[in-house]
Protein chains: 2
Amino acid sequence: MSTSESDYLQHYNIHNYDTPLCTVDMCIFSVLNDSVNVLLVKRSEHPERGKWALPGGFVHPEKDQTLDDTAYRKLFEKTGVASPYLEQVGTFGNNSRDPRGWSLTIAYFALINSSDITLSANESSERAQWVPIHELNDYCPMAFDHLTLFTHCYERLKNKVQYTSLPINLLQEEFTLSELQQLFEILLNKHLDRKAFRRRFLDADIIEETGNMRASHTRPAKLYRAKQLGAEHYFLRSIEGPRS
Amino acid sequence: MSTSESDYLQHYNIHNYDTPLCTVDMCIFSVLNDSVNVLLVKRSEHPERGKWALPGGFVHPEKDQTLDDTAYRKLFEKTGVASPYLEQVGTFGNNSRDPRGWSLTIAYFALINSSDITLSANESSERAQWVPIHELNDYCPMAFDHLTLFTHCYERLKNKVQYTSLPINLLQEEFTLSELQQLFEILLNKHLDRKAFRRRFLDADIIEETGNMRASHTRPAKLYRAKQLGAEHYFLRSIEGPRS
DNA sequence: AAGGTGAAGTGTCTTTGAGCCACTTTCTTA
DNA sequence: TAAGAAAGTGGCTCAAAGACACTTCACCTT
């Protein structure tokens, strides 16, 4: 016996089926005094109360039209930042990561520059805190499998540093080439040659001079901006780093 | 008033919350007579009955321990293939892609070589069929947003061709360098130089001679195999293609 | 049996973009 | 006004890509 599609839909009830928990977790990176930081919150509710976690929460079918909406909502609730670089890293689902049952989380990473952040502990009352990634050990064990999520996001970031211009989004709109190079050196954890680094970015035609200069106690440096905000350029060759 | 975590869990019931539908969809690629094919099924059930779709289905909390289990299960049900190259591409969720409600799907792509496939129309009675990429138009409109899922998967595949050895997994265990080059040319849709291509793969030390030869009506070609099955090598430089 | 055909496989030059490193420039501060 | 130090440049080497002609090898034709 065959029914029509509208008939079928009328009798469909999602609550008749066993279905996973769906959450979104955010790995929000920023650079603060020469090191890469990630935003963590201390959980104020069960489960895993008291442990540090990546900010995140349930996909909310009424609030969010799309999955990216969920991610942007979470990001905004925690940082007040409206439009950063946001990228989906992967989805992690199994029956053991959450004591409430079969659970699935979509991990995103965001890059924001520290200048436009206002950490809001207001919205959800959880305490948010920037943690330099080399101090992450002090915040373990983390809630759920959030250390794994973090690791995947951080690996993705480090990989992309090798062959894209992505980290530009971690700096403020105006930046010097030396600042950009320092950032890459922090992310790659290796020293880069100044000439090669400048050539790479200038030849790629993805940044332009703003006309302004950054003053300092030595020679002032030209300021640049990305030609396209939020864009990422794929270089044909990876950064290799020192040969010796 | 504070409760313990076990108290909290005892009273937790997922069916009290509004939650998305969770599915996994597979973009299964293979090479058949010199073109890239993707496996489609004709839907035999509501919704979208009669339309072509990527094989997939609900995440099944009882059957599957992990999300990857779901993907492998679906792949095996459709193709009988046990361990191919499998990669998660992305998760797509919104309130409009499925008429049953807020729905979320995790898209995977798989690369399998056509030799060890036995298309099973048995398990789930849907008809499965290989469709050459360039004929995909004839199978549109596809069910749900599956054309979008396909496009993302295919783009990912084409991108990876530029800087990884991934497509090796689309060929049979033994292959000639010319066959591999042909495959790359199909995927990139450009002509590649023979010498440069051979150098790239031989210098990378990721394939080895099997000792056998592929006979033909001209000079026989050496057969190679991947040193590590299912591995993908990241080259430092991308394939550029013709200069002129 | 001998020469033609055509894909497999090689030799070697050019080009591109990376690393290296010394040199020059331009500002502040002593 | 000289010293110091970071910004910025010139010009080399090196690795790996593209170009392209040349050689090799088996089959096929006559």
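As a basis for the values below, the full set of heavy atoms in this structure was taken, side chains included, without hydrogen atoms, waters or symmetry mates. Note that the structure is predicted; figures quoted are calculated from it, not measured. Chain naming here is simple, since letters A, B, ... match the order of the sequence lines and numbering starts at 1 in each.
Residues of residues 194-206 of chain B having a heavy atom closer than 4.0 Å to DNA chain D, listed by number: B/Lys195, B/Ala196, B/Arg199, B/Arg200. Near DNA chain D, meaning a heavy atom under 4.0 Å away, there are no residues from residues 166-187 of chain B.
The structure places CZ of B/Arg237 at 9.0 Å from CZ of B/Arg200, a figure rounded to the nearest 0.5 Å.
Between the side chains of B/Gln129 and B/Tyr139, a donor-acceptor pair is found at a separation under 3.5 Å.
Taking only distance into account, the side chain of B/Arg219 never meets the base of D/dA26 through a donor-acceptor pair shorter than 3.5 Å. The base of D/dA16 sits with one of its N or O atoms less than 3.5 Å from a complementary donor or acceptor on the side chain of B/Arg237.
From the 5' end on, the contacts that DNA chain C makes with chain A at under 4.0 Å to a non-hydrogen atom open and close at C/dT16 to C/dT28.
Taking atom CD of residue B/Gln162 and atom C1' of nucleotide D/dG18, one finds them 15 Å apart after rounding to whole Å. Taking atom CG of residue B/Leu192 and atom P of nucleotide D/dC20, one finds them 15 Å apart after rounding to whole Å. Straight-line distance from the CD atom of A/Glu209 to the P atom of D/dA7: 15 Å, rounded to whole Å.
Between A/Tyr163 and B/Tyr163, the angle of the ring planes lies from 30° to 60°, which puts this pair in the tilted group. Under the 30°/60° scheme for interplanar angles, the aromatic rings of B/Phe144 and B/His146 are found to be tilted. In this structure, B/Phe184 and B/Phe201 have perpendicular ring planes: the angle between them is above 60°, well past the 30° mark.
The two residues A/Gly241 and A/Leu192 come nearest to each other via the heavy atoms CA-CD2, 4.3 Å.
The shortest distance between side-chain heavy atoms of B/Lys74 and B/Tyr108 does not fall below 4.5 Å.
When the nearest nucleotides of DNA chain D are assigned to B/Gly241 and B/Thr218 by heavy-atom distance, the more 5′-ward of the two goes with B/Gly241.
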